[in-house]
Amino acid sequence: MLETFFQLKENNTNVKKEVNAGITSFVTMAYILAVNPSLLSAAGMDPQGVMLATALASSLGCIFMALLTNYPIVLAPGMGLNAYFAFTVCGIYGFPWQIALLAVFVEGLIFIVLSITNVREALFNAIPLSLKHGASVGIGLFIAFIGLQNAGIVVDNGSTLVGLISFKQDFQTAGICALLAILGTLVMAVLYIRNVKGYVLIGMAITWLAGILCELCGIYLPNPEAAFYSVIPSSFFSFDFSGLGAVFGQAFKCDFTGISIGTFITIIFAFLFVDLFDTLGALIGLTSKADLLAEDGTLPKIKGALLADALATTFGAVLGTSTVTTYAESSAGIAEGGRTGLTSITTAALFILAIFFAPLFTSIPSFATAPALIFVGFLMMGSITKVNLNDPIKAIPAYLCILFMPLTYSISEGLAVGIISYTLIHLASGKGKEVTPLMYVLSLLFVLKYILL
C-alpha cells in the first residue's frame, strides 16, 4: 500500500529510507517545540498551549504537503516570523496576541487564493534556474550558520559582529557544548564518508549520549540561569492538554478598540511578504537538492506545495500559533534519502507523538541537533556546481543570493538581493530582454519594500 501510494520505486527509495529521513527531519526541527512557546509567551500567550498548537499545526502542514505533492518537505511555525509576531506586532505595535493571530489567519487565506490562482506558481517559475541553484547553496550556508550559533561555536563579537567561542571560558557549560557539537559534526562526516546509512541521525544520537555522559561525570554542569539545562530527561510523558484551550480559536476573539485598521492591514502584508518569499526560497533550494525540479527549472507540483503551506498557516492560526512555513531543515531528511511524502508523513506522526512525549523531545540539546545543520550545509553546497561561473551575468546574482542569505539571517532577503541584482545587471549589460516581465515586477516590489517598509 505504501509502495503504491507514495510511488517509492519510481522515486528510487523504500519505506526504511523514507521513515529514517522523516525521523531525521523531525529531530533537526524538534527545537521549535521549545523555542516557539518561549518566543510567543513573550506576547502573553500560554506556553503549554503554544507547544501543543505548534505540534498539531506542524503535523497538519506535513500531512498537507505529503497528500498534495508527495514531496519530502516538512513544515512548522517559522523562525523569524514568530519573533516578528511576538516582539514587533505585539511588542512594538502593542497589538494583543489575539489580533496578531487573526492577521496570520487572514494572511493564510490570502495565500490560499494566490496559490489556487497560480500567482505563487508563476512567481516560482519566473525565477531563473541560476538563482534557484544559488538559493540552494545559500540555504545550506544559512542553516549551517544557525547550527554554529545553536552550538555556541559562533558567538557575538562587539568588534566583528561574530567570532569564535573561547573554549576555556565557561568550559563546563558553553565550552563543552561547543566541543560536543564539533565532535558530532566530525562523527557525521566520518559516517558519511564510510557510506553508513542514517549517518545524520546516528551522529545526533552519539552526540547526545556523549553529552549525557559528560553530565554524569561532572564535565558538563547545567546552569539554568544561563540557559544551560540538564541534557538528561527528567520525565518522558505528559497527558495534560488543557493549555490548548487557552490559545485555540482566540484569533476570532479580538478587541479592535484603539487599533488602527491601516496598521492591521500593514501587518498582514508584512507577514504575507516575508512568508511568501521565505517559502519560495526554501522550496527552490530544497527541491533543487532533492532533484525534483524539471529540466527547465520548474517544479511539477508547485501549486500543491504552495497550497499546503497556505493551508498550514491558516489552520495554525486557528490552533494558536504564528505563521507555519516550509522548513529549510527538510534538507536533513532529503540528505538521508527522503524523496516522497512518506518522509513528511513520518515527521507528522512524530509531531503527534511529541504531544505525549514532550519532555523527552524538548530535552534534545541544541549541541546535538547543531551538527546535523552544519553538515547538511555542506551537502547543499553541491548545487554550486550547477551555476555556470563562466557566465558572470547569471553567476554574480547567484553569488549575491548565496552571500546575503546567511549574512542577513534571512532566506527572503537573500532571494530579494538575487532578484534585484539579476534584473539590474541584465539591464546594465544590454540584455534586459532576457529578463521576464514578472522578474521586473518582483524587482520593483522588493525595491519598494526597502523604501517603504
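Note: hydrogens, waters and symmetry copies are ignored here, and every other heavy atom, side chains too, is used. For reference, positions follow the sequence shown, starting with 1.
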Donor-acceptor check, side chain of [X] to backbone of [Y], threshold 3.5 angstrom: yes or no?
{"X": "Asn11", "Y": "Thr13", "value": "no"}
{"X": "Ser330", "Y": "Thr326", "value": "no"}
{"X": "Asp170", "Y": "Thr173", "value": "no"}
{"X": "Ser25", "Y": "Gly22", "value": "no"}
{"X": "Tyr409", "Y": "Phe142", "value": "no"}
{"X": "Asn70", "Y": "Phe6", "value": "yes"}
{"X": "Glu336", "Y": "Val200", "value": "yes"}
{"X": "Ser366", "Y": "Asn150", "value": "yes"}

Indicate yes or no: at least one non-hydrogen side-chain atom of [X] is less than 4.5 angstrom from one of [Y].
{"X": "Pro224", "Y": "Tyr229", "result": "yes"}
{"X": "Leu306", "Y": "Leu114", "result": "no"}
{"X": "Ile165", "Y": "Val154", "result": "no"}
{"X": "Val74", "Y": "Met65", "result": "no"}
{"X": "Leu180", "Y": "Cys214", "result": "yes"}
{"X": "Leu179", "Y": "Phe167", "result": "yes"}
{"X": "Ile284", "Y": "Ser136", "result": "no"}
{"X": "Arg339", "Y": "Asn12", "result": "no"}

Going from [atom1] on [X] to [atom2] on [Y], what distance comes out if it is rounded to the nearest 0.5 angstrom?
{"X": "Glu413", "Y": "Thr408", "atom1": "CD", "atom2": "OG1", "value": "5.5 Å"}
{"X": "Ile334", "Y": "Ile73", "atom1": "CD1", "atom2": "CD1", "value": "5.5 Å"}
{"X": "Ile345", "Y": "Leu350", "atom1": "CD1", "atom2": "CG", "value": "11.5 Å"}
{"X": "Lys132", "Y": "Ile127", "atom1": "NZ", "atom2": "CD1", "value": "6.5 Å"}
{"X": "Leu400", "Y": "Leu407", "atom1": "CG", "atom2": "CG", "value": "11.0 Å"}
{"X": "Ser58", "Y": "Leu33", "atom1": "OG", "atom2": "CG", "value": "6.5 Å"}

Checking Glu18 against Thr343: is there a side-chain donor and acceptor pair closer than 3.5 Å?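 Looking only at side-chain atoms, Glu18 and Thr343 do form a donor-acceptor pair, the distance falling under 3.5 Å.
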Distance-only side-chain donor-acceptor flag, Thr325 / Asp275, under 3.5 Å: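 Asp275 and Thr325 do have a side-chain donor-acceptor pair below 3.5 Å.
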Could you point out which residue of Thr323, Thr313, Thr314 forms a side-chain hydrogen bond (donor to acceptor under 3.5 Å, both in side chains) with Glu107?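 Only one of Thr323, Thr313, Thr314 forms a side-chain hydrogen bond (donor to acceptor under 3.5 Å, both in side chains) with Glu107, namely Thr323.
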Could you tell me whether Phe378 and Phe375 have their ring centroids closer than 6.0 angstrom?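 Yes - the distance between ring centres of Phe378 and Phe375 falls below the 6.0 Å cut-off.
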Set out, in order, the CA-CA distance, both residues' side-chain angles and the distance that settles side chain to side chain contact (heavy atoms under 4.5 Å, CB included) for Val187 and Leu191, then state yes or no. CA-CA 6 Å; Val187 168; Leu191 293 175; 3.8 Å; yes
For a quick test of reading the model, state the closest non-hydrogen atom pair linking [X] to [Y] and the distance between them.
{"X": "Gly163", "Y": "Asn157", "value": "N-CB, 3.9 Å"}
{"X": "Lys386", "Y": "Asp291", "value": "NZ-OD1, 3.5 Å"}
{"X": "Cys62", "Y": "Ala348", "value": "CB-CB, 3.7 Å"}
{"X": "Ser59", "Y": "Ile352", "value": "OG-CG1, 3.4 Å"}

Determine whether more than 12 heavy atoms belonging to other residues, nucleotides or ligands lie under 6.0 Å from atom OH of Tyr399.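 No, OH of Tyr399 has 12 or fewer neighbouring heavy atoms, counting only those of other groups under 6.0 Å.
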Phe404 atom CZ, neighbour heavy-atom count above 12 within 6.0 Å: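 Atom CZ in Phe404 is not crowded, with 12 or fewer foreign heavy atoms closer than 6.0 Å.
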For Phe85 and Phe271, take the angle between the two ring planes, folded into 0 to 90°, and tell me which bin it lands in: parallel under 30, tilted 30 to 60, perpendicular over 60.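 Ring orientation of Phe85 relative to Phe271: tilted.
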Parallel, tilted or perpendicular, judged at 30° and 60°: which one describes the rings of Phe315 and Phe64?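 Judged by the thresholds at 30° and 60°, the geometry between Phe315 and Phe64 is tilted.
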Check against side chain to side chain donor-acceptor pair (under 3.5 Å), Glu215 and Ser230: CA-CA 8 Å; Glu215 182 173 340; Ser230 172; 2.7 Å; yes
Evaluate Phe367 against Val231 for side chain to side chain contact (heavy atoms under 4.5 Å, CB included), listing each step before the verdict. CA-CA 10 Å; Phe367 66 73; Val231 299; 3.7 Å; yes
Derivation and outcome, side chain to side chain contact (heavy atoms under 4.5 Å, CB included), residues Val190 and Ile193: CA-CA 5 Å; Val190 172; Ile193 292 168; 5.6 Å; no
Is Asp309 salt-bridged to Lys303, cutoff N-O under 4.0 Å?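 Looking at Asp309 and Lys303, the cut-off is not met.
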Carefully, step by step, assess Leu292 and Tyr71 under the rule side chain to side chain contact (heavy atoms under 4.5 Å, CB included). CA-CA 9 Å; Leu292 296 172; Tyr71 288 160; 3.6 Å; yes
Kindly indicate, with the supporting measurements, whether the criterion side chain to side chain donor-acceptor pair (under 3.5 Å) is fulfilled by His133 and Ser383. CA-CA 6 Å; His133 293 316; Ser383 293; 4.8 Å; no
Residues two or more places apart in sequence or in another chain: which of them pass side chain to side chain donor-acceptor pair (under 3.5 Å) with Asn82?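 Side chain to side chain donor-acceptor pair (under 3.5 Å) list for Asn82, sorted by chain: Asn36.
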